[in-house]
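These notes are about the structure you will find just below.
First the proteins, then the strands, lettered A, B, ... as listed; each starts at 1. If you're wondering where the values come from, they're calculated on a predicted model, not measured in any experiment. Basis for what follows: all heavy atoms, side chains included, without hydrogens, waters or symmetry-related copies.
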Amino acid sequence: MIKATGSGLEREIEARCGERVRLCFQCGKCSTGCLFTPAMDLLPHQAMKLVQLGQEERLLSSRTIWICASCVTCTARCPNDIDVAGVIDALRQMALEKGVRPAERNVPLFHSCFLGNIRATGRISEPVLMGAYKALSGDLFSDIGLAVEMLRKGKIKLVPSLVRGRREIRRIFSESGGKGAVGKG
Amino acid sequence: MEAAKHENIKLVTNTEVIGVDGEAGHFTVTLRRNPWYVDIERCNGCGACVDVCPIVVPHEWDMNLKPRKAIYAMFAQAAPLKYVIDRERCVECGLCMQACGLDAIDLSQEPYEERLEVGAIVVATGGQVFDPSAIPRYGYGRQENVVTNMEFERICNAAGPTEGELVRPDGKHIRSVAFVQCVGSRDVNHNPWCSFFCCMAAVKGGRLVMEHAPGAEVLVFYNDLRACGKGFEELYRRSVEEGMRFIRSIPTVYENRTRNDPIIVYEDPETGRIERKEVDLVVLACGLQPSPAGRSLRGLLGLPRDGYGFIREAHPVDGLCETPREGVFIAGVCQGPKDIPDCVTHGSAAAAKVGIILSGKGTESCSDA
């Protein structure tokens, strides 16, 4: 009796985001369009191949899943209509759920600081976000020049502003049960 | 040309089919004969009119890479080799009338209807290639030196706009060419089908480049190289041995800010790295798709379409040239993408089926006999 084909990882990805990675025929259009390949250890089409092959460990510990900026150029170009960015998002979720140490530690950290900020005030406050991220990442001075520039142009409000619908925002967070959110920020 | 001279073949050119009545063995086809504005009984194809015509417009036959006049013959092997006036462009200056020694120019001609009694009909309206400007990342339409496979065919052709010299649209001699395969094809957002002929056309085109310009670099960026059938795989292998490079990656074509040479961004499968490379010419392998002519004739004859818009055959195995309408047959690309040998086979098969009808021996297919 022939059982369903494809790797277990392929099926898990399909269950999570509905994308059928088995359709990928490795044309590489995602990788030749991707703007972030210089920083990636796996090219997007290589990541899709590894999903087909069930190489979960390599994928979840890769830098690529964290480097991806979800600009969805790959998704727009895929001739098989695979939401490549969505698959990478599903891999990120899996990595967090399974407690895999992120190869790019600061990316999920930034995401959780960002969401924590939204949850608390409903709106991003640059000083709060930067303070939290810098303190937790230990990367204190990397963009300091940019901060000075932004301050001078009045792009940074020093007093955080609150939105009126904070209760609704908290409800969105609790209803979604943290699903899709990064970490438990 | 040979067909035009055959005593049993009547060519009816410059004509539209506007109605078909009747049934197998007794069709009445209503034709609209469009005027040539040239008396083709008198015209001997000398071309004196062309020399004097002051109107210069892009030549469709040469994919607009070359100009033509308002009075023209489509190409040197056209049958019949007579001249026709493009009335939408003509300014009625009358110079051609003065130049014509045979008094063949007649601007007063009007379209007229004609009826034709026929026993069987073969639809062979062909197809058209995908318009690559629908995919902006290939740069077609914005970059001069990105051309379609059809335009490249004309550039290579000895009777084409460059008279066979390998020159790209901005005039530079071609020393490196990148063929990009599967443009619009095998893509669920455009044409989901494989267009069948483009892989081998790229191999052929690449070999032409290597022959015309020894030492030229030929790169074929492919998805899967489909060299099916007798002789094709061997030609592909020979081309690899002779230095044509096949790279399994569908690239993006970037604009070059300093030169007119397009930049190809691709993944080198050997290193797994994204690379950039400047080339002289990019040839996009635009896939075959249904044509508007096929669509209108399909409507006129009441033939079914397949999921893609090609004419649906009666049976995918033993009814490839038949349609559900008895006495109406299909041949060539109007049924689906094909290369030249397959079109010839399909056409010959349709002709044989027509023979059965015309001989009055019934319409049953050979497989039932």
Would one find more than 12 heavy atoms of other residues, nucleotides or ligands at under 6.0 Å from atom [atom1] of [X]?
X	atom1	result
Glu234(B)	CD	yes
Ile340(B)	CD1	no
Glu57(A)	CD	no
Arg166(A)	CZ	yes
Met150(B)	CE	no
Arg137(B)	CZ	yes

Give, as side chain, backbone, both or neither, the part of Cys78(A) having an atom under 4.5 angstrom from any heavy atom of chain B.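 The backbone, not the side chain.
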Which one of Gln46(A), Met40(A), His45(A) has the most heavy-atom pairs closer than 4.5 Å to chain B?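 Answer, by heavy-atom pair count under 4.5 Å with chain B: His45(A).
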Any chance you could measure Arg273(B), atom CZ, to Thr37(A), atom OG1, to the nearest 0.5 Å?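 It comes to 11.0 Å.
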Rounded at 0.5 Å granularity, tell me how far CG in Asp224(B) sits from CD in Gln26(A).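 Spacing of CG (Asp224(B)) from CD (Gln26(A)) equals 10.0 Å.
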Could you pull out the closest heavy-atom pair between Phe25(A) and Arg248(B), with the gap in Å?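 Heavy atoms of Phe25(A) and Arg248(B) come nearest at O-NH2, 3.2 Å.
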Can you see which heavy atom on Thr32(A) is nearest to which on Tyr266(B), and at what distance?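 It is CG2-CA, 3.5 Å.
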Assess whether side-chain contact (heavy atoms from CB on, under 4.5 Å) is satisfied between Asp187(B) and Lys29(A), documenting all intermediate values. CA-CA 11 Å; Asp187(B) 186 331; Lys29(A) 284 177 185 167; 3.7 Å; yes
Pick from Pro79(A), Cys27(A), Ser31(A): which one makes a side-chain contact (heavy atoms from CB on, under 4.5 Å) with Ile250(B)?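 The residue from Pro79(A), Cys27(A), Ser31(A) that satisfies side-chain contact (heavy atoms from CB on, under 4.5 Å) with Ile250(B) turns out to be Cys27(A).
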